[in-house]
Amino acid sequence: MCRIPPKKSSVRPISASTSELPENVRSFWKWLGDQGVVSGKSAAEPEAVPEGLGLVARRDIGRNEVVLEVPKRLWISPETAAASKIGALCGGLKPWVSVALFLIREKYDEGSSWRVYLDVLPESTDSTIFWSEEELAELKGTQLLSNTLGAKEYLENEFLKLEQEILLPNKEMFPSRVTLDDFIWAFGILRSRAFSRLRGQDLVLIPLADLINHDPAIKQKTMHMRSKELVYIQYDVNKSNAELALDYGFVESNPNRNSYTLTIEIPESDPFFGDKLDIAESNGMGETGYFDIVEGQSLPVGMLQYIRLVALGGSDAFLLESIFRNTIWGHLELPVSRSNEELICRVVRDACKSALSGFTTTIEEDEKLMKEGKLDPRMELAVKVRIGEKKVLQQIDQIFKDRELELDVLEYYQERRLKDLGLVGEQGEIIFWE
C-alpha cells in the first residue's frame with residue numbers, strides 16, 4: 001500500500017476558474033473509485049494545472065494525515081510485467097526495459113485493464129529526449145546536449161537489441177508494431193513518473209501518486225494543507241538542472257541546481273599510469289574522475305588531490321614510490337611543487353576556455369533573451385541551462401586563475417618537509433648550526 005502523506009510537500013493556491021476536467025481524467029478518477037482508492041470523502045482530487053494535471057486538496061489536511069492510499073496491486077513494476085501476457089519474454093530483460101515493454105503493449109491493447117491510466121499519460125514531455133534537432137541546436141555547447149544525445153544513442157542500441165531478440169521473433173504477442181518512438185515514449189514516462197527505492201521496489205509507477213507535481217520552494221514538512229490548494233513535492237533534491245531537464249523537462253532558477261561535471265583521467269600513455277591508478281583506487285577513485293562543480297560552492301572533495309596526482313611527474317615522481325603509498329593522498333591535499341600546481345591551473349583553465357568556446361552566445365546575450373521574454377518553454381529551458389553552465393565554467397576558471405596568482409607565495413612539499421625536519425624556519429629561512 002502506497003500512502004501519500006503531506007510530508008516534504010507544499011501547497012499552492014489555484015484559480016477558482018479551473019476548467020472542467022477532460023473525459024479521460026474523469027474516467028481515470030472513476031476507475032480509481034471502482035478500485036476503492038478514492039471516494040467522495042477523499043482528501044484530494046485531480047485538477048487541470050499549468051503542468052498538465054495535479055492534485056488539489058478537497059479540504060484542510062492536517063500534518064501527518066494520509067492524503068491518499070494506493071494499494072500495491074495497482075503499482076506497475078517489473079513484477080507486473082513478469083505476471084502479464086508478455087511475462088515469458090521479460091525474464092532476461094533489464095527491469096526498466098521490461099516495464100517499458102509492458103507499457104507499450106498495454107498502450108496498444110484496447111482491452112487493457114490499464115487503459116484508463118494509460119489514457120492520462122502524456123504522449124511526450126518537455127524532457128530533452130523528445131526535442132527536435134532544431135530545438136536541440138539551442139543546447140549547443142552544453143553538457144545537457146551531450147547527455148541527451150548519449151541517452152538517445154543508448155536507447156537506440158537498447159531498442160535494436162530488444163527488436164532483434166524479442167520483438168521480431170514474437171510479433172504475434174503485440175497488437176501493433178513497436179517502434180523506437182514507442183520505446184523512447186516509455187523511457188520518458190518512466191524517467192519522469194516512476195518512483196524508486198520504495199519498499200524494496202527499485203522501479204515502480206503508481207497511478208494517482210504520479211500526479212503530484214514539483215515545487216522548488218519546498219524545504220521542510222508543511223504543517224497542513226488548506227482546501228482548494230494544490231499538493232506539491234520536490235523531486236530529486238540533489239539533481240542538477242541538466243538532470244532535471246533530461247528527466248522531467250524543467251529547470252529551476254536556484255543556482256545550487258547549476259553544475260558542470262569536470263572529467264579528468266589518468267592517460268594510459270603516462271609512464272606512471274600503474275602507480276597513479278593504484279593510488280587513485282586506494283582512495284575510492286579510478287582511472288577517470290568525475291567532479292560536479294556547483295555554482296557558488298567550493299570545489300568537490302578530492303578534486304585537487306586527483307588533479308595533482310594526474311599531473312605528477314619529473315622531480316615530483318618520487319612521491320609515487322611505494323614508501324609514500326600510505327601517505328601520498330594526504331600530501332596531495334596541499335600543493336606539491338610550483339610546476340605541478342602551475343600545470344593543473346593551466347590544464348583546467350584551458351579546459352574551461354575550450355568548453356566556453358563551444359557556446360554560440362554569451363551570458364549577457366542569454367540574459368537579455370530571458371529579460372525580453374516571449375520564449376516558449378523549451379527555448380526558455382535551453383537558455384537557462386546555457387546560462388547556468390557558463391556561469392559555473394567561469395567560476396572554475398576564476399578559481400584557478402586566482403590560484404595562478406598565488407604560485408609564488410604558496411608553500412610546497414619540499415618546504416613543508418624541511419620545516420618538519422627543523423631545517424627551515426617559519427619565515428622560510430634556512431637554519432644553520434655552528
Side-chain angles (χ1 to χ4, degrees), residues 2 24 27-28 31-32 34-35 37 70-125 127-133 147-210 246-249:
C2 175
N24 62 331
S27 297
F28 173 60
W31 174 73
L32 290 171
D34 293 341
Q35 298 294 326
V37 178
V70 182
K72 197 169 183 178
R73 60 184 169 81
L74 296 182
W75 298 8
I76 298 177
S77 67
E79 289 72 23
T80 310
S84 71
K85 295 177 181 178
I86 59 169
L89 307 179
C90 297
L93 299 178
K94 297 173 182 175
W96 78 264
V97 174
S98 69
V99 177
L101 192 59
F102 172 80
L103 288 176
I104 295 168
R105 190 196 181 285
E106 296 300 305
K107 179 182 180 182
Y108 289 111
D109 181 359
E110 289 301 324
S112 170
S113 59
W114 299 94
R115 175 85 273 136
V116 288
Y117 172 60
L118 294 166
D119 283 347
V120 299
L121 295 178
E123 284 299 316
S124 69
T125 69
S127 162
T128 52
I129 63 167
F130 293 112
W131 289 22
S132 66
E133 289 188 12
N147 292 344
T148 300
L149 296 177
K152 290 172 77 73
E153 181 180 4
Y154 169 73
L155 289 174
E156 289 173 7
N157 292 334
E158 286 291 321
F159 178 73
L160 288 175
K161 182 180 177 182
L162 185 69
E163 187 175 46
Q164 293 299 317
E165 297 179 1
I166 303 295
L167 298 175
L168 293 179
N170 300 281
K171 292 180 181 178
E172 72 284 355
M173 299 289 288
F174 298 90
S176 177
R177 177 175 175 269
V178 178
T179 66
L180 175 60
D181 285 341
D182 292 326
F183 195 61
I184 291 175
W185 168 80
F187 175 83
I189 291 297
L190 291 175
R191 292 287 287 195
S192 62
R193 307 177 84 90
F195 293 83
S196 61
R197 298 178 298 279
L198 183 63
R199 294 193 182 182
Q201 295 283 346
D202 292 326
L203 177 72
V204 59
L205 279 174
I206 304 178
L208 182 61
D210 60 1
L246 180 58
D247 289 351
Y248 304 109

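Position 1 is the first residue of the sequence; numbering continues from there.
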Should Thr125 and Phe130 count as side-chain neighbours, where that means a heavy-atom distance under 4.5 Å?
yes

With side chains defined as the heavy atoms from C-beta onward, is the minimum distance between Ile76 and Phe102 less than 4.5 Å?
yes

Shortest non-hydrogen separation from [X] to [Y] and the atoms involved:
X	Y	result
Val37	Pro71	CG2-CD, 3.7 Å
Glu106	Arg115	O-NH1, 3.3 Å
Lys107	Leu118	N-CD1, 3.5 Å
Leu180	Leu155	CD1-O, 4.1 Å
Ser113	Trp31	O-NE1, 3.9 Å
Ile129	Ala151	CG2-CB, 4.4 Å

Run the side-chain donor-acceptor check on residues 182-190: report pairs under 3.5 Å with partners two or more places apart or on a different chain.
from   : atom 1 : to     : atom 2 : distance (Å)
Asp182 : OD1    : Tyr108 : OH     : 2.7
Asp182 : OD2    : Thr179 : N      : 2.9
Asp182 : OD2    : Thr179 : OG1    : 3.1
Trp185 : NE1    : Pro122 : O      : 2.9

How are the rings of Trp96 and Tyr154 set to each other: parallel, tilted or perpendicular (split at 30° and 60°)?
tilted

Could you work out, with side chain to side chain donor-acceptor pair (under 3.5 Å) as the rule, every residue matching Glu156, not counting sequence neighbours?
none

Report the distance from atom [atom1] of [X] to atom [atom2] of [Y], rounding to the nearest 0.5 Å.
X	Y	atom1	atom2	answer
Thr80	Arg73	OG1	CZ	12.5 Å
Leu121	Leu205	CG	CG	7.5 Å
Ser192	Leu246	OG	CG	11.0 Å
Glu79	Ser98	CD	OG	8.5 Å

Closer than 3.5 angstrom, by distance alone: can the side chain of Trp75 be matched with the main-chain N or O of Val70 as a donor-acceptor pair?
yes

Judged by atom type as modelled, is there a donor-acceptor pair below 3.5 Å linking the side chain of Ser77 to the main-chain atoms of Leu203?
no

Sequence neighbours left out, cut at 3.5 Å: what donor-acceptor pairs do the side chains of residues 158-178 make with other protein atoms?
from   : atom 1 : to     : atom 2 : distance (Å)
Glu158 : OE2    : Lys94  : NZ     : 2.6
Asn170 : ND2    : Ile166 : O      : 2.8

As a quick check of understanding, evaluate side-chain contact (heavy atoms from CB on, under 4.5 Å) for Glu153 and Asn157, giving each step before the final call.
CA-CA 6 Å; Glu153 181 180 4; Asn157 292 334; 4.0 Å; yes

